[in-house]
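Worksheet for the structure shown next.
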Amino acid sequence: MSFGELRIYNSLTRKKEIFEPLHAPHVGLYVCGPTVYSDVHLGNCRTFTMFDVVYRYLSFLGYKVRYVRNITDVGHLVGDADEGEDKIAKKAKLENLEPMEIVQRYTNGFHDVMKALNNISPSIEPTATGHIPEQISLVERIIENGYAYERNGSVYFDVEKYNQNYHYGKLSGRNIEEQLAGHRTLDAQEEKRQPVDFAIWKKANPEHIMRWHSPWGEGFPGWHLECSVMSMKYLGNEFDIHGGGLDLQFPHHECEIAQAVAGSGKDPVRYWMHSNMLTMNGTKMSKSLGNVIMPAELFEGTNALMSEAYSPMVLRFFMLQTHYRSTMDISDDALKAAKSGYLKLINALRTIRNMDYENTAEDIQINEKAVKDIQKSIDTIHKGLNDDFNTAVALSGIFNLVKKVNTLQLGQLLPAQLGKETFELLKHSLLRISEDVLGLQEETPNLSPLIDVVLDMYKQAKESKDYDKVDALRQEAKAIGIVFRDLKNGSIWAYEE
RNA sequence: GGUCACGUGGCCGAGUGGCUAGGCAAGGGUCUGCAAAACCUUUUACAGCGGUUCGAAUCCGCUCGUGACCUCCA
(Lines give C-alpha, C1' and ligand atoms only; values in the text may rest on other atoms or scores of the structure.)
Protein backbone atom coordinates (compact mmCIF):
# COMPACT_ATOMS: atom_id res chain seq x y z
CA MET A 1 0.00 0.00 0.00
CA SER A 2 1.34 3.39 -0.95
CA PHE A 3 0.77 6.36 1.29
CA GLY A 4 2.16 9.06 -0.97
CA GLU A 5 5.14 11.30 -0.56
CA LEU A 6 6.19 12.65 2.79
CA ARG A 7 7.08 16.30 2.84
CA ILE A 8 9.01 17.87 5.69
CA TYR A 9 9.44 21.54 6.47
CA ASN A 10 13.18 22.08 6.56
CA SER A 11 14.18 24.95 8.83
CA LEU A 12 17.38 25.29 6.84
CA THR A 13 15.65 26.10 3.55
CA ARG A 14 12.41 27.38 5.09
CA LYS A 15 10.48 25.24 2.68
CA LYS A 16 8.62 21.98 2.68
CA GLU A 17 10.74 19.41 0.90
CA ILE A 18 10.04 15.88 -0.23
CA PHE A 19 11.69 13.56 2.24
CA GLU A 20 14.34 11.42 0.62
CA PRO A 21 16.45 9.40 3.05
CA LEU A 22 20.15 9.14 2.36
CA HIS A 23 20.19 5.39 2.67
CA ALA A 24 16.60 4.15 2.39
CA PRO A 25 15.10 2.22 4.01
CA HIS A 26 17.31 3.43 6.84
CA VAL A 27 16.64 6.80 8.41
CA GLY A 28 18.78 8.60 10.97
CA LEU A 29 16.90 10.81 13.40
CA TYR A 30 18.57 12.87 16.09
CA VAL A 31 16.65 14.86 18.67
CA CYS A 32 18.15 17.11 21.32
CA GLY A 33 17.10 15.66 24.65
CA PRO A 34 16.69 17.25 28.05
CA THR A 35 19.28 18.71 30.38
CA VAL A 36 18.71 16.67 33.48
CA TYR A 37 19.11 19.12 36.31
CA SER A 38 15.39 19.37 37.03
CA ASP A 39 12.13 17.71 36.10
CA VAL A 40 10.88 18.09 32.56
CA HIS A 41 7.90 20.39 32.16
CA LEU A 42 4.99 20.31 29.75
CA GLY A 43 6.84 22.36 27.16
CA ASN A 44 9.60 19.78 27.01
CA CYS A 45 6.99 17.07 26.74
CA ARG A 46 5.49 18.67 23.70
CA THR A 47 8.73 18.52 21.75
CA PHE A 48 9.53 14.94 22.66
CA THR A 49 6.00 13.79 21.97
CA MET A 50 6.05 15.52 18.63
CA PHE A 51 9.25 13.76 17.59
CA ASP A 52 7.85 10.52 18.91
CA VAL A 53 5.14 10.91 16.27
CA VAL A 54 7.79 11.63 13.66
CA TYR A 55 9.57 8.44 14.67
CA ARG A 56 6.34 6.48 14.71
CA TYR A 57 5.17 7.72 11.33
CA LEU A 58 8.51 7.08 9.66
CA SER A 59 8.39 3.56 11.08
CA PHE A 60 4.80 3.18 9.91
CA LEU A 61 5.91 4.12 6.41
CA GLY A 62 8.33 1.22 6.55
CA TYR A 63 11.58 3.02 7.28
CA LYS A 64 14.10 1.48 9.62
CA VAL A 65 14.73 4.42 11.89
CA ARG A 66 17.68 4.83 14.17
CA TYR A 67 16.38 7.32 16.68
CA VAL A 68 19.02 8.98 18.82
CA ARG A 69 18.04 11.31 21.63
CA ASN A 70 20.69 12.44 24.05
CA ILE A 71 20.70 13.11 27.74
CA THR A 72 22.60 16.27 28.56
CA ASP A 73 24.23 15.49 31.86
CA VAL A 74 26.80 18.23 31.83
CA GLY A 75 24.80 21.31 32.64
CA HIS A 76 24.91 24.32 30.45
CA LEU A 77 26.16 27.34 32.28
CA VAL A 78 23.89 29.43 34.42
CA GLY A 79 23.85 33.18 34.15
CA ASP A 80 26.45 35.13 32.28
CA ALA A 81 28.20 32.87 29.91
CA ASP A 82 31.72 32.88 31.30
CA GLU A 83 31.32 33.35 35.01
CA GLY A 84 28.31 31.14 35.36
CA GLU A 85 27.96 27.84 37.07
CA ASP A 86 27.13 24.49 35.66
CA LYS A 87 23.44 23.84 36.36
CA ILE A 88 23.93 20.27 37.40
CA ALA A 89 26.91 21.10 39.57
CA LYS A 90 24.96 23.95 41.13
CA LYS A 91 22.03 21.73 41.90
CA ALA A 92 24.36 19.08 43.29
CA LYS A 93 25.94 21.57 45.67
CA LEU A 94 22.56 22.89 46.65
CA GLU A 95 21.25 19.46 47.56
CA ASN A 96 24.59 18.10 48.73
CA LEU A 97 24.57 15.29 46.23
CA GLU A 98 26.94 13.86 43.68
CA PRO A 99 26.28 15.45 40.28
CA MET A 100 25.60 11.99 38.93
CA GLU A 101 22.91 11.50 41.54
CA ILE A 102 21.18 14.58 40.24
CA VAL A 103 21.55 13.32 36.72
CA GLN A 104 20.21 9.89 37.58
CA ARG A 105 17.25 11.23 39.50
CA TYR A 106 16.02 13.49 36.75
CA THR A 107 16.83 11.02 34.01
CA ASN A 108 14.60 8.51 35.78
CA GLY A 109 11.88 11.10 36.13
CA PHE A 110 12.17 12.00 32.48
CA HIS A 111 11.84 8.36 31.46
CA ASP A 112 8.78 7.93 33.65
CA VAL A 113 7.06 10.87 32.01
CA MET A 114 7.99 9.71 28.53
CA LYS A 115 6.56 6.30 29.30
CA ALA A 116 3.35 7.77 30.70
CA LEU A 117 2.94 9.76 27.49
CA ASN A 118 3.49 6.56 25.53
CA ASN A 119 6.59 7.88 23.84
CA ILE A 120 8.72 5.10 22.43
CA SER A 121 12.26 4.93 23.81
CA PRO A 122 14.91 6.05 21.35
CA SER A 123 17.17 3.48 19.75
CA ILE A 124 20.17 5.06 21.43
CA GLU A 125 20.15 7.49 24.32
CA PRO A 126 23.74 8.69 24.69
CA THR A 127 24.96 10.93 27.46
CA ALA A 128 27.36 13.82 27.17
CA THR A 129 29.58 12.55 29.99
CA GLY A 130 29.85 9.21 28.23
CA HIS A 131 31.43 10.92 25.22
CA ILE A 132 34.12 13.13 26.66
CA PRO A 133 37.00 11.63 24.62
CA GLU A 134 35.03 12.09 21.40
CA GLN A 135 34.30 15.69 22.34
CA ILE A 136 37.94 16.39 23.11
CA SER A 137 38.85 14.87 19.79
CA LEU A 138 36.43 17.13 17.92
CA VAL A 139 37.85 20.16 19.71
CA GLU A 140 41.31 19.09 18.59
CA ARG A 141 40.19 18.74 15.01
CA ILE A 142 38.55 22.16 15.04
CA ILE A 143 41.75 23.68 16.39
CA GLU A 144 43.80 21.86 13.76
CA ASN A 145 41.55 23.21 11.07
CA GLY A 146 42.09 26.70 12.41
CA TYR A 147 38.61 27.46 13.62
CA ALA A 148 39.25 27.54 17.33
CA TYR A 149 41.84 28.98 19.68
CA GLU A 150 42.92 28.19 23.22
CA ARG A 151 43.00 30.80 25.97
CA ASN A 152 43.93 30.05 29.57
CA GLY A 153 42.77 26.47 29.42
CA SER A 154 39.57 27.20 27.54
CA VAL A 155 38.98 26.73 23.84
CA TYR A 156 36.80 29.07 21.84
CA PHE A 157 35.25 28.70 18.45
CA ASP A 158 36.37 31.45 16.11
CA VAL A 159 33.09 32.51 14.56
CA GLU A 160 34.53 35.32 12.48
CA LYS A 161 37.13 33.05 10.94
CA TYR A 162 34.56 30.38 10.27
CA ASN A 163 32.24 32.87 8.69
CA GLN A 164 34.92 33.86 6.18
CA ASN A 165 34.68 30.42 4.60
CA TYR A 166 31.23 29.31 5.61
CA HIS A 167 27.99 30.89 6.68
CA TYR A 168 27.47 31.17 10.41
CA GLY A 169 23.79 31.99 10.76
CA LYS A 170 22.43 30.03 7.83
CA LEU A 171 20.02 28.07 10.00
CA SER A 172 18.69 30.87 12.13
CA GLY A 173 18.78 33.51 9.42
CA ARG A 174 21.24 35.71 11.20
CA ASN A 175 23.70 38.10 9.72
CA ILE A 176 26.91 37.67 11.63
CA GLU A 177 28.54 40.81 10.24
CA GLU A 178 25.86 42.86 11.92
CA GLN A 179 26.40 41.08 15.17
CA LEU A 180 30.12 41.61 14.94
CA ALA A 181 29.64 45.27 14.16
CA GLY A 182 27.14 45.75 16.91
CA HIS A 183 29.33 44.53 19.73
CA ARG A 184 32.68 46.23 19.34
CA THR A 185 33.06 47.05 23.02
CA LEU A 186 34.93 44.14 24.48
CA ASP A 187 35.16 43.51 28.18
CA ALA A 188 38.70 43.80 29.49
CA GLN A 189 38.70 40.36 31.07
CA GLU A 190 37.14 38.80 28.02
CA GLU A 191 39.08 35.80 26.78
CA LYS A 192 37.17 35.56 23.54
CA ARG A 193 38.29 37.40 20.46
CA GLN A 194 34.72 38.29 19.69
CA PRO A 195 31.59 38.20 21.82
CA VAL A 196 29.99 35.91 19.23
CA ASP A 197 32.68 33.29 19.78
CA PHE A 198 31.56 30.42 21.94
CA ALA A 199 33.37 27.99 24.21
CA ILE A 200 33.85 24.46 22.97
CA TRP A 201 36.01 23.53 25.95
CA LYS A 202 35.88 25.33 29.24
CA LYS A 203 38.50 25.44 31.95
CA ALA A 204 37.15 24.21 35.29
CA ASN A 205 37.46 26.59 38.19
CA PRO A 206 38.85 25.01 41.37
CA GLU A 207 35.35 24.71 42.84
CA HIS A 208 33.86 23.17 39.72
CA ILE A 209 32.79 19.62 40.49
CA MET A 210 32.41 18.13 37.03
CA ARG A 211 35.81 18.09 35.34
CA TRP A 212 37.87 16.00 32.96
CA HIS A 213 41.48 15.91 31.82
CA SER A 214 42.16 17.39 28.44
CA PRO A 215 45.10 18.67 26.41
CA TRP A 216 44.16 22.14 27.73
CA GLY A 217 44.05 21.19 31.39
CA GLU A 218 41.13 20.19 33.57
CA GLY A 219 37.83 21.28 32.20
CA PHE A 220 34.53 20.36 30.74
CA PRO A 221 33.01 20.36 27.26
CA GLY A 222 31.29 23.38 25.75
CA TRP A 223 27.60 23.90 25.51
CA HIS A 224 26.90 22.66 22.02
CA LEU A 225 29.61 20.11 21.50
CA GLU A 226 27.90 16.96 22.72
CA CYS A 227 25.16 16.95 20.11
CA SER A 228 27.63 17.43 17.28
CA VAL A 229 29.72 14.56 18.53
CA MET A 230 26.97 12.11 19.40
CA SER A 231 24.85 12.67 16.34
CA MET A 232 27.80 12.05 14.04
CA LYS A 233 29.06 9.13 16.07
CA TYR A 234 25.80 7.22 15.88
CA LEU A 235 24.31 8.49 12.64
CA GLY A 236 27.34 9.25 10.52
CA ASN A 237 28.92 12.36 9.10
CA GLU A 238 25.75 12.97 7.17
CA PHE A 239 22.32 11.97 8.35
CA ASP A 240 18.67 12.64 7.65
CA ILE A 241 16.81 14.53 10.35
CA HIS A 242 17.87 16.61 13.30
CA GLY A 243 15.14 17.95 15.53
CA GLY A 244 14.61 19.96 18.65
CA GLY A 245 12.67 22.80 20.13
CA LEU A 246 12.55 26.07 18.25
CA ASP A 247 14.43 27.75 21.07
CA LEU A 248 17.43 25.59 20.27
CA GLN A 249 17.67 26.87 16.72
CA PHE A 250 19.96 29.63 17.85
CA PRO A 251 22.52 29.39 19.16
CA HIS A 252 22.56 25.66 19.86
CA HIS A 253 21.90 24.24 16.43
CA GLU A 254 23.71 26.99 14.62
CA CYS A 255 26.77 26.17 16.70
CA GLU A 256 26.33 22.48 16.07
CA ILE A 257 26.49 23.09 12.36
CA ALA A 258 29.54 25.30 12.74
CA GLN A 259 31.36 22.73 14.87
CA ALA A 260 30.62 19.89 12.55
CA VAL A 261 31.59 21.84 9.47
CA ALA A 262 34.74 23.16 11.13
CA GLY A 263 35.63 19.63 12.16
CA SER A 264 34.73 17.65 9.08
CA GLY A 265 34.09 20.20 6.35
CA LYS A 266 30.53 19.05 5.97
CA ASP A 267 27.14 19.97 7.40
CA PRO A 268 25.85 16.61 8.58
CA VAL A 269 22.14 17.38 8.69
CA ARG A 270 19.82 17.17 5.69
CA TYR A 271 16.53 18.15 7.31
CA TRP A 272 16.32 20.39 10.33
CA MET A 273 13.01 20.27 12.17
CA HIS A 274 11.97 22.61 14.95
CA SER A 275 8.87 22.29 17.05
CA ASN A 276 7.25 25.41 18.36
CA MET A 277 6.78 26.44 21.93
CA LEU A 278 4.08 25.57 24.39
CA THR A 279 2.74 28.76 25.91
CA MET A 280 0.72 29.70 28.94
CA ASN A 281 -1.45 32.76 28.52
CA GLY A 282 0.49 33.46 25.37
CA THR A 283 3.91 33.36 26.98
CA LYS A 284 6.49 30.67 26.45
CA MET A 285 6.64 28.06 29.17
CA SER A 286 10.20 27.87 30.43
CA LYS A 287 12.17 27.01 33.46
CA SER A 288 13.85 30.35 33.63
CA LEU A 289 10.56 32.24 33.45
CA GLY A 290 9.10 29.96 36.08
CA ASN A 291 5.71 29.67 34.38
CA VAL A 292 5.93 25.93 34.06
CA ILE A 293 3.47 23.16 34.71
CA MET A 294 4.98 19.84 35.61
CA PRO A 295 3.49 16.66 34.16
CA ALA A 296 2.83 15.23 37.62
CA GLU A 297 0.83 18.30 38.60
CA LEU A 298 -1.35 17.85 35.58
CA PHE A 299 -1.77 14.10 35.94
CA GLU A 300 -2.60 14.39 39.64
CA GLY A 301 -4.72 17.49 39.34
CA THR A 302 -2.63 19.48 41.79
CA ASN A 303 -1.94 22.48 39.58
CA ALA A 304 -3.78 25.56 40.78
CA LEU A 305 -4.78 26.59 37.26
CA MET A 306 -6.45 23.29 36.47
CA SER A 307 -9.91 22.36 37.66
CA GLU A 308 -9.24 18.64 37.50
CA ALA A 309 -6.60 16.03 36.73
CA TYR A 310 -5.79 15.38 33.08
CA SER A 311 -4.28 12.06 32.17
CA PRO A 312 -1.16 11.61 30.05
CA MET A 313 -3.21 10.51 27.06
CA VAL A 314 -5.44 13.56 27.31
CA LEU A 315 -2.31 15.67 27.25
CA ARG A 316 -0.98 13.78 24.27
CA PHE A 317 -4.27 14.15 22.40
CA PHE A 318 -4.32 17.83 23.26
CA MET A 319 -0.85 18.30 21.83
CA LEU A 320 -1.65 16.44 18.64
CA GLN A 321 -4.56 18.75 17.90
CA THR A 322 -2.08 21.48 17.07
CA HIS A 323 0.47 21.36 14.29
CA TYR A 324 3.99 21.19 15.71
CA ARG A 325 5.17 24.39 14.03
CA SER A 326 2.45 26.50 15.65
CA THR A 327 2.66 27.72 19.18
CA MET A 328 0.05 26.11 21.33
CA ASP A 329 -1.51 27.64 24.37
CA ILE A 330 -2.42 25.44 27.28
CA SER A 331 -5.44 26.14 29.44
CA ASP A 332 -7.97 24.36 31.58
CA ASP A 333 -10.73 24.89 29.03
CA ALA A 334 -8.63 23.55 26.19
CA LEU A 335 -7.65 20.46 28.16
CA LYS A 336 -11.24 19.88 29.19
CA ALA A 337 -12.27 19.93 25.54
CA ALA A 338 -9.39 17.61 24.69
CA LYS A 339 -10.48 15.18 27.38
CA SER A 340 -13.96 14.86 25.89
CA GLY A 341 -12.55 14.45 22.42
CA TYR A 342 -10.01 11.87 23.51
CA LEU A 343 -12.63 9.77 25.28
CA LYS A 344 -14.90 9.94 22.27
CA LEU A 345 -12.07 8.61 20.14
CA ILE A 346 -11.14 5.87 22.59
CA ASN A 347 -14.73 4.69 22.85
CA ALA A 348 -14.88 4.40 19.09
CA LEU A 349 -11.61 2.47 19.02
CA ARG A 350 -13.02 0.00 21.51
CA THR A 351 -16.15 -0.34 19.42
CA ILE A 352 -14.39 -1.02 16.15
CA ARG A 353 -11.85 -3.37 17.70
CA ASN A 354 -14.65 -5.60 18.88
CA MET A 355 -16.57 -5.44 15.65
CA ASP A 356 -16.14 -7.99 12.89
CA TYR A 357 -17.30 -7.99 9.35
CA GLU A 358 -20.37 -10.07 8.74
CA ASN A 359 -22.78 -10.36 5.91
CA THR A 360 -25.82 -12.41 6.78
CA ALA A 361 -28.42 -10.93 4.53
CA GLU A 362 -28.05 -11.50 0.84
CA ASP A 363 -29.73 -8.52 -0.73
CA ILE A 364 -27.74 -5.78 1.00
CA GLN A 365 -26.76 -2.90 -1.20
CA ILE A 366 -23.40 -1.20 -0.86
CA ASN A 367 -23.81 2.30 0.58
CA GLU A 368 -21.74 4.17 -1.97
CA LYS A 369 -21.76 7.44 -0.07
CA ALA A 370 -20.53 5.85 3.12
CA VAL A 371 -17.79 4.02 1.25
CA LYS A 372 -16.73 7.23 -0.41
CA ASP A 373 -16.79 9.15 2.87
CA ILE A 374 -14.57 6.57 4.51
CA GLN A 375 -12.08 6.54 1.68
CA LYS A 376 -11.97 10.30 1.69
CA SER A 377 -11.35 10.44 5.43
CA ILE A 378 -8.54 7.92 5.22
CA ASP A 379 -7.08 9.93 2.38
CA THR A 380 -7.26 13.04 4.55
CA ILE A 381 -5.38 11.26 7.31
CA HIS A 382 -2.51 10.25 5.07
CA LYS A 383 -2.39 13.57 3.29
CA GLY A 384 -2.23 15.28 6.64
CA LEU A 385 0.58 13.15 8.00
CA ASN A 386 2.49 13.42 4.75
CA ASP A 387 2.15 17.19 4.83
CA ASP A 388 4.85 17.83 7.41
CA PHE A 389 3.29 15.58 10.05
CA ASN A 390 0.05 17.51 10.29
CA THR A 391 -1.51 15.60 13.14
CA ALA A 392 -4.38 18.09 13.43
CA VAL A 393 -5.55 17.29 9.92
CA ALA A 394 -5.07 13.59 10.55
CA LEU A 395 -7.27 13.86 13.62
CA SER A 396 -10.00 15.56 11.62
CA GLY A 397 -10.03 12.55 9.30
CA ILE A 398 -10.00 10.23 12.28
CA PHE A 399 -13.06 11.90 13.77
CA ASN A 400 -14.93 11.52 10.53
CA LEU A 401 -14.18 7.81 10.78
CA VAL A 402 -15.29 7.83 14.41
CA LYS A 403 -18.66 9.07 13.25
CA LYS A 404 -18.92 6.12 10.87
CA VAL A 405 -17.96 3.69 13.60
CA ASN A 406 -20.68 5.07 15.86
CA THR A 407 -23.19 4.76 13.05
CA LEU A 408 -22.16 1.12 12.69
CA GLN A 409 -22.59 0.60 16.38
CA LEU A 410 -26.12 2.03 16.23
CA GLY A 411 -26.91 -0.34 13.41
CA GLN A 412 -27.81 2.58 11.17
CA LEU A 413 -25.07 1.39 8.91
CA LEU A 414 -24.20 -2.27 8.51
CA PRO A 415 -20.72 -3.60 7.83
CA ALA A 416 -22.14 -5.38 4.82
CA GLN A 417 -23.17 -2.04 3.34
CA LEU A 418 -19.51 -1.08 3.22
CA GLY A 419 -18.26 -4.30 1.73
CA LYS A 420 -15.54 -6.32 3.39
CA GLU A 421 -12.65 -4.38 1.91
CA THR A 422 -13.87 -0.97 3.06
CA PHE A 423 -14.89 -2.27 6.46
CA GLU A 424 -11.46 -3.78 7.06
CA LEU A 425 -9.78 -0.66 5.74
CA LEU A 426 -11.81 1.45 8.16
CA LYS A 427 -10.98 -0.80 11.08
CA HIS A 428 -7.33 -1.15 10.24
CA SER A 429 -6.74 2.53 9.46
CA LEU A 430 -8.50 3.82 12.52
CA LEU A 431 -6.70 1.52 14.91
CA ARG A 432 -3.28 1.67 13.32
CA ILE A 433 -3.17 5.44 12.85
CA SER A 434 -4.59 6.24 16.27
CA GLU A 435 -2.53 3.75 18.21
CA ASP A 436 0.63 3.09 16.23
CA VAL A 437 1.22 6.46 14.61
CA LEU A 438 -0.34 8.95 17.00
CA GLY A 439 0.40 6.78 20.01
CA LEU A 440 -3.03 7.26 21.54
CA GLN A 441 -4.08 4.33 23.64
CA GLU A 442 -6.71 3.39 26.13
CA GLU A 443 -5.75 4.11 29.69
CA THR A 444 -6.63 1.64 32.34
CA PRO A 445 -9.11 3.41 34.54
CA ASN A 446 -8.78 3.54 38.29
CA LEU A 447 -11.15 0.81 39.33
CA SER A 448 -11.21 1.58 43.02
CA PRO A 449 -14.57 3.38 43.07
CA LEU A 450 -16.12 0.53 41.14
CA ILE A 451 -14.72 -2.03 43.54
CA ASP A 452 -16.15 0.02 46.38
CA VAL A 453 -19.58 -0.36 44.82
CA VAL A 454 -19.13 -4.12 44.67
CA LEU A 455 -17.89 -4.07 48.22
CA ASP A 456 -21.14 -2.41 49.25
CA MET A 457 -23.07 -5.15 47.50
CA TYR A 458 -20.94 -7.67 49.37
CA LYS A 459 -21.66 -6.01 52.70
CA GLN A 460 -25.39 -5.96 52.01
CA ALA A 461 -25.36 -9.61 51.03
CA LYS A 462 -23.53 -10.43 54.26
CA GLU A 463 -26.02 -8.48 56.30
CA SER A 464 -28.98 -10.24 54.75
CA LYS A 465 -27.14 -13.54 55.12
CA ASP A 466 -27.43 -14.16 51.38
CA TYR A 467 -24.36 -16.39 51.40
CA ASP A 468 -24.81 -17.66 47.89
CA LYS A 469 -24.44 -14.10 46.69
CA VAL A 470 -21.54 -13.49 49.06
CA ASP A 471 -19.69 -16.46 47.68
CA ALA A 472 -20.48 -15.46 44.14
CA LEU A 473 -19.16 -11.94 44.69
CA ARG A 474 -16.04 -13.33 46.31
CA GLN A 475 -15.44 -15.54 43.33
CA GLU A 476 -15.99 -12.77 40.82
CA ALA A 477 -13.66 -10.45 42.68
CA LYS A 478 -10.99 -13.08 43.01
CA ALA A 479 -11.00 -13.51 39.27
CA ILE A 480 -9.53 -10.01 38.93
CA GLY A 481 -7.18 -10.38 41.89
CA ILE A 482 -9.36 -8.71 44.50
CA VAL A 483 -10.34 -10.28 47.79
CA PHE A 484 -12.88 -9.21 50.40
CA ARG A 485 -11.77 -9.50 54.00
CA ASP A 486 -14.04 -9.54 57.00
CA LEU A 487 -12.48 -7.65 59.85
CA LYS A 488 -13.95 -7.10 63.28
CA ASN A 489 -15.04 -3.59 62.43
CA GLY A 490 -16.30 -4.27 58.94
CA SER A 491 -15.38 -5.56 55.53
CA ILE A 492 -12.68 -4.24 53.24
CA TRP A 493 -11.29 -5.15 49.88
CA ALA A 494 -7.63 -5.78 49.12
CA TYR A 495 -5.43 -7.06 46.34
CA GLU A 496 -5.05 -10.79 46.59
CA GLU A 497 -1.62 -11.58 47.92
C1' G B 1 16.89 48.04 18.64
C1' G B 2 17.90 43.68 14.99
C1' U B 3 15.68 39.10 12.99
C1' C B 4 11.38 36.08 12.47
C1' A B 5 6.49 34.39 13.33
C1' C B 6 1.41 35.02 14.32
C1' G B 7 -3.75 37.51 14.73
C1' U B 8 -9.70 32.33 12.13
C1' G B 9 -16.51 31.62 14.68
C1' G B 10 -18.41 31.22 22.30
C1' C B 11 -13.41 28.38 23.30
C1' C B 12 -9.27 25.38 21.23
C1' G B 13 -7.35 24.85 16.63
C1' A B 14 -6.41 23.14 10.83
C1' G B 15 -6.35 25.19 6.09
C1' U B 16 -4.41 28.84 2.55
C1' G B 17 -6.39 32.15 -4.26
C1' G B 18 -12.84 29.61 -6.01
C1' C B 19 -14.43 23.24 -3.19
C1' U B 20 -18.05 21.28 4.68
C1' A B 21 -11.33 20.82 8.55
C1' G B 22 -11.88 18.69 13.29
C1' G B 23 -12.63 18.83 18.70
C1' C B 24 -15.30 21.30 22.75
C1' A B 25 -19.56 24.33 23.96
C1' A B 26 -24.72 26.14 22.56
C1' G B 27 -29.89 25.55 20.01
C1' G B 28 -33.34 22.02 17.54
C1' G B 29 -34.55 16.90 16.29
C1' U B 30 -34.24 11.19 16.40
C1' C B 31 -33.61 7.26 19.85
C1' U B 32 -34.57 6.06 25.15
C1' G B 33 -38.73 3.92 31.20
C1' C B 34 -35.61 8.36 32.70
C1' A B 35 -30.82 9.66 31.63
C1' A B 36 -26.22 9.31 29.24
C1' A B 37 -23.98 8.15 24.78
C1' A B 38 -24.70 8.14 19.69
C1' C B 39 -26.76 9.93 15.13
C1' C B 40 -29.08 14.07 12.16
C1' U B 41 -29.32 19.31 12.03
C1' U B 42 -28.64 24.87 13.01
C1' U B 43 -26.17 29.40 14.51
C1' U B 44 -21.64 32.34 15.35
C1' A B 45 -15.26 33.27 11.04
C1' C B 46 -11.02 34.57 8.96
C1' A B 47 -7.58 41.94 13.39
C1' G B 48 -8.33 46.87 10.59
C1' C B 49 -7.59 49.75 6.06
C1' G B 50 -6.00 49.83 1.10
C1' G B 51 -4.18 47.13 -3.41
C1' U B 52 -3.59 42.87 -7.16
C1' U B 53 -7.41 39.46 -9.28
C1' C B 54 -13.14 37.41 -12.80
C1' G B 55 -12.74 35.96 -7.55
C1' A B 56 -8.86 36.75 -1.21
C1' A B 57 -9.59 34.70 5.09
C1' U B 58 -5.63 32.86 1.63
C1' C B 59 -1.08 37.12 -2.47
C1' C B 60 1.04 42.45 -1.76
C1' G B 61 1.38 47.12 1.20
C1' C B 62 0.32 49.89 5.50
C1' U B 63 -1.74 50.22 10.54
C1' C B 64 -2.83 48.06 15.18
C1' G B 65 -2.05 43.94 18.49
C1' U B 66 0.55 39.44 20.38
C1' G B 67 4.68 36.34 20.71
C1' A B 68 9.61 34.04 19.79
C1' C B 69 14.94 34.36 19.05
C1' C B 70 19.16 37.74 19.70
C1' U B 71 21.52 35.03 27.32
C1' C B 72 20.28 29.05 29.70
C1' C B 73 15.95 26.89 27.60
C1' A B 74 12.24 21.69 24.24
Side-chain angles (χ1 to χ4, degrees), chain A residues 11 14 31-35 37-38 40-51 69 72 75-82 84-87 110 169 172-176 178-179 181-183 195-196 198 223 243-252 254 274-279 281-289 292 317-318 320-345 347-348 351 376-377 380-381 383-384 387 390-413:
Chain A
S11 302
R14 289 154 197 266
V31 174
C32 289
T35 306
Y37 66 95
S38 66
V40 287
H41 58 71
L42 256 30
N44 302 309
C45 291
R46 183 189 183 192
T47 296
F48 300 129
T49 302
M50 151 58 202
F51 284 105
R69 187 184 63 206
T72 297
H76 299 297
L77 298 180
V78 170
D80 288 330
D82 289 316
E85 279 180 283
D86 183 289
K87 281 176 178 166
F110 169 63
S172 54
R174 256 154 248 267
N175 183 340
I176 206 63
E178 281 174 12
Q179 292 192 36
H183 293 271
V196 288
F198 56 92
W223 323 324
L246 190 59
D247 51 358
L248 294 183
Q249 191 174 41
F250 188 90
H252 186 61
E254 198 70 65
H274 291 98
S275 65
N276 215 320
M277 299 293 102
L278 182 69
T279 63
N281 300 321
T283 307
K284 176 186 172 184
M285 187 180 285
S286 83
K287 287 173 191 171
S288 48
L289 293 176
V292 295
F317 178 88
F318 169 69
L320 296 177
Q321 278 184 303
T322 308
H323 183 66
Y324 76 91
R325 281 192 290 113
S326 300
T327 54
M328 80 178 301
D329 202 63
I330 195 166
S331 67
D332 189 46
D333 283 347
L335 281 166
K336 204 170 286 188
K339 182 179 181 179
S340 297
Y342 162 72
L343 293 172
K344 183 177 182 174
L345 171 61
N347 282 328
T351 301
K376 192 180 166 191
S377 297
T380 297
I381 292 168
K383 274 190 182 146
D387 186 12
N390 196 325
T391 52
V393 166
L395 276 173
S396 78
I398 283 175
F399 273 98
N400 285 323
L401 294 181
V402 164
K403 201 163 279 187
K404 285 288 179 288
V405 169
N406 289 332
T407 311
L408 284 167
Q409 188 184 33
L410 284 178
Q412 292 173 349
L413 179 69

Categorize [X] for me: base, sugar-phosphate, or nothing, with a 4.0 angstrom heavy-atom threshold over every strand shown.
| X | result |
| --- | --- |
| A:Leu335 | nothing |
| A:Gly244 | sugar-phosphate |
| A:Asn406 | sugar-phosphate |
| A:Lys284 | base |
| A:Thr380 | nothing |
| A:Lys376 | base |

Could you state the interatomic distance from CZ (A:Phe110) to OG (A:Ser38), rounded to the nearest 0.5 Å? 12.0 Å

Which value, rounded to the nearest 0.5 Å, describes the distance between A:Lys339 atom NZ and A:Leu343 atom CG? 6.5 Å

Roughly how many Å apart are [M] and [N], using the [atom1] atom of each and rounding to a whole number?
| N | M | atom1 | answer |
| --- | --- | --- | --- |
| B:A45 | B:G9 | C1' | 4 Å |
| B:A56 | B:G50 | P | 13 Å |
| B:G27 | B:G13 | P | 24 Å |
| B:C46 | B:U63 | P | 23 Å |
| B:C31 | B:C40 | P | 16 Å |

Nearest-nucleotide 5' precedence on RNA chain B, A:Asn347 against A:Phe317: A:Phe317

Atom NZ of A:Lys383 with >12 non-hydrogen neighbours under 6.0 angstrom: no

Side-chain-base donor-acceptor pair under 3.5 Å for A:Ser288 and B:C72: yes

